[in-house]
Amino acid sequence: MEQSMLHLSLLILFIPLAGFLILVFFGKKLPRQGDWLGTSLIGITLLMALYMLISKISSMSTETLTYSASWVILRNSSFGATSIDLGFMIDNLTVVMLVVVMLVSFLVHLFSIGYMKGDARYSRYFAYLGLFTFSMTGIVLTHNLLMMYIFWELVGVSSYLLIGFWYEKKSATNAASKAFIVNRIGDAGMFIGIMILFIHFSTFTFEPIFSGLAAGDLPFQSTAWLTAAGILIFCGAVGKSAQFPLHVWLPDAMEGPTPVSALIHAATMVAAGVYLIARMFPMLTAEALIVIAYIGAITALIAATIALTQYDIKKVLAYSTISQLGFMVMALGLGAFAAGFMHLVTHAAFKAGLFLGAGSVIFAMHNALHKKNDHHTDAQDIRNMGGLKSRMPVTYWTFLIFTLAIAGVPLTSGFLSKDEILAGTLAFSSLNGHYLLPIIAFTVAGMTAFYMFRLFILTFHGNHADESRISGLMESPLTMTIPLLILAGLSTFVFYSFNPLGASGGWFFSAIERPASMIPEALQPASAEIFNQAVKALHTPALILSVLIAGAGIFGAVWVYEWKKSSADVISQNFGALYKGAFNKWYFDEMYQYVFVGGTFILTKILRWFDEKIIDGIVNGAATLSERFSVMNRWFDENIIDGLVNFTAWFMGILGFVLRRLQTGKIQHYLAFVVLGVLVFYFIFV
Amino acid sequence: MELQFLGIGILTWILFLPIAGLIIILLIPGDKLKAIRITATAITGIQVILAAVIFRHFDRAIEGINSIEGFQFVEKYRWITVEAVPWFGRIEINYFLGIDGLSVLMVILTALIGFIGAISSWTIKKQVKGYFALYMLLVTGMMGVFVALDFFLFFIFWEVMLLPMYFLIGIWGGPRREYAAIKFFLYTFVGGILMMLVMLALYFSVAVPDPETGEMYHTFNILHMMNPAYYVEGSILAGVDTTWRYVAWMALFINFAIKIPLFPFHTWLPDAHVEAPTPISVILAGVLLKLGTYGLLRISFPIFPDATMYFMIFMAVLGMISIIYGAFCALAQDDFKKLIAYSSISHMGIVVIGIAALNTQGMVGGVLQMFNHGIITAVLFLMVGVVYDRTGKRGLYDFGGLANQMPKYTGIAMIGLFAALGLPGLNGFVSELFSFLGAFEAYRWIAIVSVFGIIITAGYILWTLQRVFLGNTPEHLTSLKDLTTREMVCFVPLIILIILLGVYPAPAIELMNTSLSYLTQIVTVPAY
């Protein structure tokens, strides 16, 4: 089994890469531009991943298989001979994540066949999807931080390429660059964190680092550096999982094709941050974890408030994604490990479903508007929708299931995981205080139910404002509706636990256990045992509270938007500045633009000026000075030295001129001069 | 290790082939352009083959640096010997060549970039014969610096290189070529004088016994200069940690820092790049800048280990400033070539913080970064050359939407730009990683500050990508043709290396690991 696991994971990693290379070089020459090739290759890897999942989970073991191969050997470094290894680590976390990635990737491939039909760069699109799947698989399989970082950056590039896929649009390329650079800020932190660990342990591999820590060997023998390393590596997750304060890139990333949003910016890549935290969990100190928990909670709250006010269907979903990611991050920070990771999995299914559903709506709206030659109406604005229910039944019903799941209504998958997280927040507070965390968590849960039903009702219910505008609106083709149906099935509870009201007895919770903390006891958070007991004790109140809150949120949305008992405009006016702030995304973009982007540009201008005027000024000044000096020299040379020479010559000339007068050529004159001379000498000397 | 052909060592071949080429080119009538171009390309092509032979036969386990036994492909002959000059004694200058793990990668780089530059020079239209003649001389000069082990020889090649470069920029350059050429010349010339003074000081300080007669004589042998036992008692550079040794180190450092170029000695570079014709920019960034860091490693570090340790932090700080400063300045440019010039300053800063770390991983990272940066900037300058040849423009705002118009070109440019950005999977990442790992161990905060350079780098690279390649193709660019076969021949080998060394850098690292860890040891655990 070990050998077959290794071979399968190698194949799962490299088949998507092969697909990418084939499609990049030969895509246009293949029949149908190779869409079938990309899709079926991912289909094959999905089957392999499923096989791995089933055989791993059914063996009921939580053992970890690792495979290592040396990449670079550095001899005689300050660490002696260091081998930098690449390799895989396969445990239950890995196989579950692999299936999530492959499944969503496969469904998105399938969906895209319909959605991207007729695009000018159709085959390039499938190539990029393959590149993304390859990079994401690398993150999932790795057993070391270096490979994590390598593939971390590679998913960043594939995300860049796909956000900017329609690169003729300025907004798309701006969004792509923004996503990459904001992520790089997080990655810089992550890079420093990785360096701290490497310099101390001279390896990138998780296992020896953790066992070194377990033996009491801390980076630079300091708990502060250990906490710093944890938080710095978490910075990578802050970027990739769009956590506050680096969340600003994700809403803009919606410029990419909608299926891409489903795959990368909802289900898989953005969840990589959560996966990273899960992988690093054994080395995170209680202090680092509390930072993580608060970052997650703040993110969840901020994003939920913004989602309440947006009108673009994809923007609402984007903020809801940020909010849900905040939930997961918070859960891991609290120590609700399995709950947080389960939410990653359930969220992947229903959020991918919501995005694909939104894609289906946008596709239909776009085609309907196109038929009417209407190019002004925004096909993504929910104010232009309404009454789509009867025209798109499959999309409607599946969307309803996804919405129920994200709102946390019992019988859905989302209920299971969210309920466990909420119970986790209560348990954490009962042990450590921090009452703000459960308050935020329950508030956000209520807001989620409200804004999701607001979106749902405005899109599908009621009457359309202008019936003729959408007279041509039709349900999307089968390649698009089949993925929706599959994801809707996966959004029900049965796949995760047979008990619809609690996940803790299901296979998921027995397969995914919180890993043991590997750091000195004084730095550890409350142990898994104590935590689980607290969760068990508080589960029933949490369950009741979460159902009530979800119900209240849904009721509120129905009250305002379905029954129109209160006017949404009046409510938002009552909230005044708060509403305005949320509607404007709390001005993060403006602030960053002003402070960081503006600041950087001013700095670059100053430095350029400094370079051209001061440094070069000194150089040119030195040159000018030597030139001046040589000019002066020349003047001195020409006027003073040469002057002296010339003066001498001139003087001699004058003298000659005078003396020449004496040369008369007459012997009498000469005789007279001689006599005169003799007389002069006589008077002088005698 | 010795390799000979026709009784002449392989290093002499690789060194003087271009001189043979120069003579042939001078014999060809000036209007036979094709013959001239083919000669130059063939000569540099043979150099690449010889470099491959060297790579194949190079023994990875020998240390080099300070003992003649550690060098490979050694050739040592008496070149100039003047017996019993009054006051000087015996003057001996040797023709002394050899390579070790420090220089082997640079020899390969020089051969490769020389070849790519020769192919790219086919677009030169003005005075082709003169151009290629000077080009050949330039290649010999660069190669000579990397293989010379006699300081006098080193100095000669160093200066030989200067002259053709001056004319190649000054005659075949852009509108402000004369300003740029004279600036380049003066900067490097000042540095050269400093180096000459140190060379003479070293010459008078070092004396070795003649193995036959036992008579003591002064020498230019670099390896002897590394041995504290050979310093004459009471001579100017004798001793450890003396003021004169610090002064000498600083004089050498200024000379090398000008070449690297390190802040604040860098301003000749943007001008020289902007005005130089494309192939000369490629040579300049690809090979010439590496001479600076190579000189530090070959001469300053092992001859003055005491001063090197003393100035280590100073060097690292200048490296850090160069990284950040270069990146910010690059962000402010609107000229494509200036942008790449400033990015070179930033990337060479990474070399400096790597080697100044004085540990093996930093050294390996630094030297690998020298090689990788050579390959990457060559691609970037060729990339600018492609659009400059077609449009006569190189402002970043003059372009847009080339992705639609020139897909092959865009694909290649993207790989080059992403390699410069330090994307994992491409070669730049590996060397940056090791440099930072080295720097981080030696001086944590300098490394941490330097890491922020990678964010700014991402900024200017992606912004360039966006301005030049993405967006709609403007009207005046719709007639542009994609890459020609000749251009592809220039790009493809470099791109292959970028990917290969990014995915599997072990062969390059093995080549230099032994020598560089030995060099580290010599500097940090000196012999005295």
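Side chains are part of it too, since the values below use all heavy atoms of this structure and drop only hydrogens, waters and symmetry mates. The sequence lines fix the lettering, A, B, ..., with proteins before strands; numbering per chain opens at 1.
- The distance from atom CD1 of I199(A) to atom CD of E441(B), rounded to the nearest 0.5 Å, is 5.0 Å.
- For the set I456(B), D334(B), L516(B), T473(B), the entry with the most heavy-atom pairs within less than 4.5 Å of chain A is D334(B).
- Here the CD1-CD1 distance, from I196(A) to I448(B), works out to 6.0 Å after rounding to the nearest 0.5 Å.
- Side-chain atoms of V72(A) and E510(B), non-hydrogen and from C-beta on, never get closer than 4.5 Å to each other.
- The candidate from A447(B), P264(B), A403(B), P270(B) with the greatest count of non-hydrogen atom pairs under 4.5 Å with chain A is A403(B).
- D271(B) touches chain A through its side chain: at least one heavy atom from C-beta onward sits under 4.5 Å away, while N, CA, C and O do not.
- Nearest heavy atom pair, residue E153(A) against residue L423(B), reads O-CD1, 4.0 Å.
- For the pair I509(B) and I73(A), the tightest heavy-atom approach, listed with the atom from each and the gap, is CG2-O, 4.3 Å.
- Interface remark: K408(B) contributes no atoms to any contact with chain A (heavy atom separation under 4.5 Å).
- Atom-to-atom distance recorded for I345(B):CD1 and D611(A):CG is 7.0 Å, nearest 0.5 angstrom.
- N620(A) and Y179(B) are linked by a side-chain donor-acceptor pair at a separation below 3.5 angstrom, with hydrogens and angles left out of the test.
- Relative to the ring axis of Y342(B), R608(A) does not place its NZ or CZ within 45° and under 6.0 Å from the centre.
- For chain B, the nearby part of L161(A) is the side chain; its heavy atoms alone come within less than 4.5 Å.
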Go through the steps to decide whether F610(A) and F328(B) satisfy the test side-chain contact (heavy atoms from CB on, under 4.5 Å), and finish with yes or no.
CA-CA 11 Å; F610(A) 180 77; F328(B) 270 115; over 6 Å; no
Would F452(B) and I185(A) count as a side-chain contact (heavy atoms from CB on, under 4.5 Å) if you check the C-alpha gap in whole Å, the side-chain angles of each, and the deciding distance to 0.1 Å?
CA-CA 8 Å; F452(B) 287 94; I185(A) 297 171; 5.9 Å; no
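- Within 6.0 Å of CD in Q221(A) there are more than 12 heavy atoms belonging to other residues, nucleotides or ligands.
- Side-chain atoms of T267(B) and E612(A), non-hydrogen and from C-beta on, never get closer than 4.5 Å to each other.
- Between chain A and the options Y325(B), F263(B), W268(B), heavy-atom pairs under 4.5 Å are most frequent for Y325(B).
- The two residues T360(B) and R75(A) come nearest to each other via the heavy atoms CG2-O, 3.6 Å.
- Note on D187(A), N174(A), I194(A): by heavy-atom pairs under 4.5 Å with chain B, the leading option is N174(A).
- With a threshold of 4.5 angstrom between heavy atoms, F601(A) approaches chain B through side-chain atoms but not through N, CA, C or O.
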side-chain contact (heavy atoms from CB on, under 4.5 Å) assessment of K170(A) paired with L470(B)
CA-CA 8 Å; K170(A) 180 101 171 112; L470(B) 307 180; over 6 Å; no
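- Under the 3.5 Å distance criterion, the side-chain polar atoms of W71(A) are matched with a main-chain donor or acceptor of V503(B).
- Y594(A) OH: 12 or fewer foreign heavy atoms inside a 6.0 Å radius.
- Only the side chain of M414(B) comes within contact range of chain A, judged by heavy atoms closer than 4.5 Å.
- Contacts between L433(B) and chain A at a heavy-atom distance below 4.5 Å involve backbone atoms as well as side-chain atoms.
- Salt-bridge annotation for D616(A) and K183(B): present, with a side-chain N of the basic residue lying under 4.0 Å from a carboxylate O of the acidic one.
- In this structure, F436(B) and F191(A) have perpendicular ring planes: the angle between them is above 60°, well past the 30° mark.
- For chain A, the option among L465(B), T520(B), L462(B), I461(B) with the highest count of heavy-atom pairs below 4.5 Å is L462(B).
- V619(A) places none of its side-chain heavy atoms less than 4.5 Å from the side chain of F265(B).
- Annotation: side chain of R467(B) is not in contact with side chain of T173(A) (no heavy-atom distance under 4.5 Å).
- Only the side chain of Y160(A) comes within less than 4.5 Å of a heavy atom in chain B; its backbone stays farther off.
- In terms of heavy-atom pairs under 4.5 Å with chain A, the best-connected choice from A458(B), G400(B), G459(B), A506(B) is A458(B).
- I606(A) does not touch chain B: none of its heavy atoms, backbone or side chain, sits under 4.5 Å away.
- The aromatic rings of F418(B) and F180(A) are tilted relative to each other, their planes meeting at an angle between 30° and 60°.
- Counting heavy-atom pairs closer than 4.5 Å to chain B, the top residue among I618(A), L154(A), L146(A), L603(A) is L603(A).
- Residues F198(A) and F440(B) fail the side-chain proximity criterion, which asks for heavy atoms closer than 4.5 Å.
- Counting heavy atoms from C-beta outward, T604(A) and Y460(B) have side chains that stay 4.5 Å or more apart.
- Inter-residue side-chain proximity for R444(B) and M195(A) is flagged as unmet; no heavy-atom pair is nearer than 4.5 Å.
- In this structure a side-chain-to-backbone donor-acceptor pair under 3.5 Å is present from R184(A) to I454(B).
- Two residues are said to be in side-chain contact when any heavy atoms from C-beta on lie closer than 4.5 Å; Y167(A) and N472(B) fail this criterion.
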